Amino acid sequence: MYPSPVMMTLPECEDSRGEEVYERHTEAAICMSAPIATSPPEDPNAIKRDTMFYSDHIVFQIGNRLFKVPRRKFEDSEIFNDMFALPAGNDALAVDGSSDEKPLVLETIEVAEFRALLRVMFRPHHAPTYEESKELTLEEWISVLKLTTMWRFEKLRRVAIDSLTPLLQLEDPVRWISLARKYDVHEWLFPSLHALARRTKAQQLGEVADLGIATVVKMAEVRESYVGNYNNNFQRNTFSRSQHNFEAEIRRLFKEELKVTDQYGYGC
């Protein structure tokens, strides 16, 4: 019986570190004798899923209404992406959202709100149907802003803000201010306050609920800083208020709140 190559090497070695030499040769012999793992060649005719146009669908339930949509779009949301990353367990079919029988139930939102979000999310760019081509109303865009803020859809939130800005400029500024604060749209705060200062109609008692007493008091001071011109009958001309620049007073009285606005570079 012939000794292994490793056993043959050890006695002939005059190195005082015999054990180290033995271990080194042993490792080499193991490496030489171990089979090299190779992956089988890929079959060019094998059926494969397309990386762009093959996606899973997910079923949502809002109230008594079911929605089945491609899941990939919801992966843009930080909230849903974390949810999808959770382990599915042994029974993948039992995961919420996998079927009509096991939908992912979304609480505290309305069917119309979710549908408005889906209309923006899946809006076709080519050959839309009549329903798909209809523009969203102000209320629908506010719903989109609400859900994209809540679920952290950053890109769609940006779309909602850009679409709402020209619409809200035509609305009463009180609501504009309220929405800016509610959904942390910092770029809206200064222009909405400025619009309220320029409004010819006086502040109303009912606006306290929407603005808060502090804002109403500050805005009263801002508005009183305007000294209008008088006509020949000693009546103040109100039309020029809409052209007056209240920026200095607004920035003085709302300095703390506008710090965030200035931090992100949003001006008048």
Side-chain angles (χ1 to χ4, degrees), residues 78-79 108-109 113 116 120 136-268:
E78 182 181 334
I79 302 299
T108 72
I109 66 170
E113 293 176 334
V120 176
L136 272 68
T137 65
L138 172 65
E139 298 305 322
E140 288 172 329
W141 275 119
I142 291 173
S143 295
V144 175
L145 177 62
K146 170 187 172 180
L147 298 185
T148 54
T149 301
M150 180 169 65
W151 291 331
R152 301 179 191 173
F153 283 100
E154 296 303 327
K155 293 179 180 178
L156 287 180
R157 172 179 153 88
R158 183 72 258 168
V159 171
I161 291 171
D162 291 343
S163 299
L164 276 168
T165 299
L167 298 177
L168 289 172
Q169 288 172 344
L170 303 176
E171 294 289 311
D172 188 88
V174 171
R175 192 180 192 193
W176 194 7
I177 295 169
S178 300
L179 290 171
R181 288 169 168 168
K182 184 175 183 177
Y183 298 116
D184 293 322
V185 187
H186 305 299
E187 64 199 83
W188 283 351
L189 187 57
F190 177 82
S192 59
L193 289 170
H194 206 185
L196 181 56
R198 285 177 162 181
R199 190 182 70 179
T200 56
K201 185 177 73 173
Q203 293 189 99
Q204 307 297 306
L205 182 62
E207 294 172 349
V208 175
D210 294 319
L211 297 175
I213 187 63
T215 296
V216 170
V217 172
K218 290 178 183 179
M219 186 52 63
E221 186 173 346
V222 170
R223 289 172 58 86
E224 285 301 314
S225 67
Y226 167 71
V227 179
N229 299 321
Y230 289 84
N231 59 24
N232 294 333
N233 295 323
F234 297 99
Q235 294 177 329
R236 178 178 289 184
N237 293 323
T238 58
F239 68 89
S240 57
R241 170 182 285 277
S242 63
Q243 304 299 322
H244 186 72
N245 188 347
F246 291 94
E247 180 174 359
E249 286 301 301
I250 291 173
R251 293 196 175 279
R252 179 178 69 84
L253 291 167
F254 293 89
K255 179 179 178 180
E256 293 302 316
E257 192 173 9
L258 289 172
K259 277 183 178 179
V260 179
T261 300
D262 295 335
Q263 177 184 347
Y264 288 95
Y266 301 125
C268 57

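Because the structure is a prediction, the values reported are computed rather than measured. These numbers come from the heavy atoms of this one structure, side chains and all, not from hydrogens, waters or symmetry mates.
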Quiz item: Is a donor on one side and an acceptor on the other found under 3.5 Å between the side chain of Arg223 and the backbone of Arg199?
Solution: yes
Quiz prompt | Which atom of Arg198 lies closest to which atom of Gln243, heavy atoms considered | solution = NH2-O, 3.6 Å
Exercise. Please identify each residue that fulfils ring-ring contact (aromatic ring centres under 6.0 Å, His included) with Phe246, with sequence neighbours left out.
Key: His244
Quiz prompt | Contacts of type side chain to side chain donor-acceptor pair (under 3.5 Å), residue Asp210, not counting sequence neighbours | solution = none
Practice problem: Can you sort out the partners of Lys218 under salt bridge (Lys or Arg N to Asp or Glu O under 4.0 Å), two or more places apart, ordered by chain and number? | Solution: none
Self-check item: Pairwise side-chain contact, Met219 with Phe254, heavy-atom cut-off 4.5 Å (strictly under)
Solution: yes
Quiz item: Gln169: what forms a side chain to side chain donor-acceptor pair (under 3.5 Å) with it, not counting sequence neighbours?
Solution: none
Quiz item: Hey, what do you get for CD1 (Ile250) to CG (Asn245), rounding to the nearest 0.5 Å?
Solution: 8.0 Å
Exercise. Give, for atom CG of Leu196 and atom CG of Asp172, the distance between the pair rounded to the nearest 0.5 Å.
Key: 7.5 Å
Quiz prompt | Partner set under side chain to side chain donor-acceptor pair (under 3.5 Å) for Glu113, not counting sequence neighbours | solution = Lys146
Self-check item: Backbone N/O of Ala160 and side chain of Ser163: donor-acceptor pair under 3.5 Å
Solution: no
Self-check item: Heavy-atom pair with the smallest gap, counting every atom of Val144 and Leu136
Solution: CG2-CD2, 3.9 Å
Practice problem: Drop me the distance from Leu179's CG to Thr149's OG1, to the nearest 0.5 angstrom. | Solution: 10.5 Å
Quiz item: Got a sec: does the CG of Leu205 have more than 12 other heavy atoms crowding it under 6.0 Å?
Solution: no
Quiz prompt | Sidechain-backbone polar pair: Arg157 side chain, Met150 backbone, donor-acceptor under 3.5 Å | solution = no
Quiz item: Taking only residues two or more places apart in sequence or in another chain, which ones pass side chain to side chain donor-acceptor pair (under 3.5 Å) with Thr165?
Solution: Trp188
Quiz prompt | From CG (Leu193) to OG1 (Thr215), nearest 0.5 Å | solution = 7.0 Å
Quiz prompt | Short side-chain to backbone donor-acceptor contact, Glu249 and Glu247, under 3.5 Å | solution = no
Self-check item: Pairs satisfying salt bridge (charged side-chain N to carboxylate O under 4.0 Å, His left out), at least one member in residues 173-186, at least two apart
Solution: Glu139-Arg175, Arg181-Glu257
Quiz prompt | Non-neighbouring partners of Arg152 that pass salt bridge (Lys or Arg N to Asp or Glu O under 4.0 Å), sequence neighbours left out | solution = Glu78
Self-check item: Rounded distance (nearest 0.5 Å) linking atom CZ of Arg251 with atom NE2 of His194
Solution: 10.0 Å
Exercise. Using the test ring-ring contact (aromatic ring centres under 6.0 Å, His included), find all partners of Trp141 that sit at least two apart in sequence or belong to another chain.
Key: none
Quiz item: Looking only at heavy atoms, what is the nearest atom pair of Pro173 and Ser192, with distance?
Solution: CB-O, 3.6 Å
Quiz item: Mind checking whether Leu170 and Leu138 have side chains closer than 4.5 Å, heavy atoms only?
Solution: no
Quiz prompt | Residues which pass side-chain contact (heavy atoms from CB on, under 4.5 Å) with Lys155, listed by chain and number, not counting sequence neighbours | solution = none
Self-check item: Side chain proximity check, Trp151 to Ile109, heavy atoms < 4.5 angstrom
Solution: yes
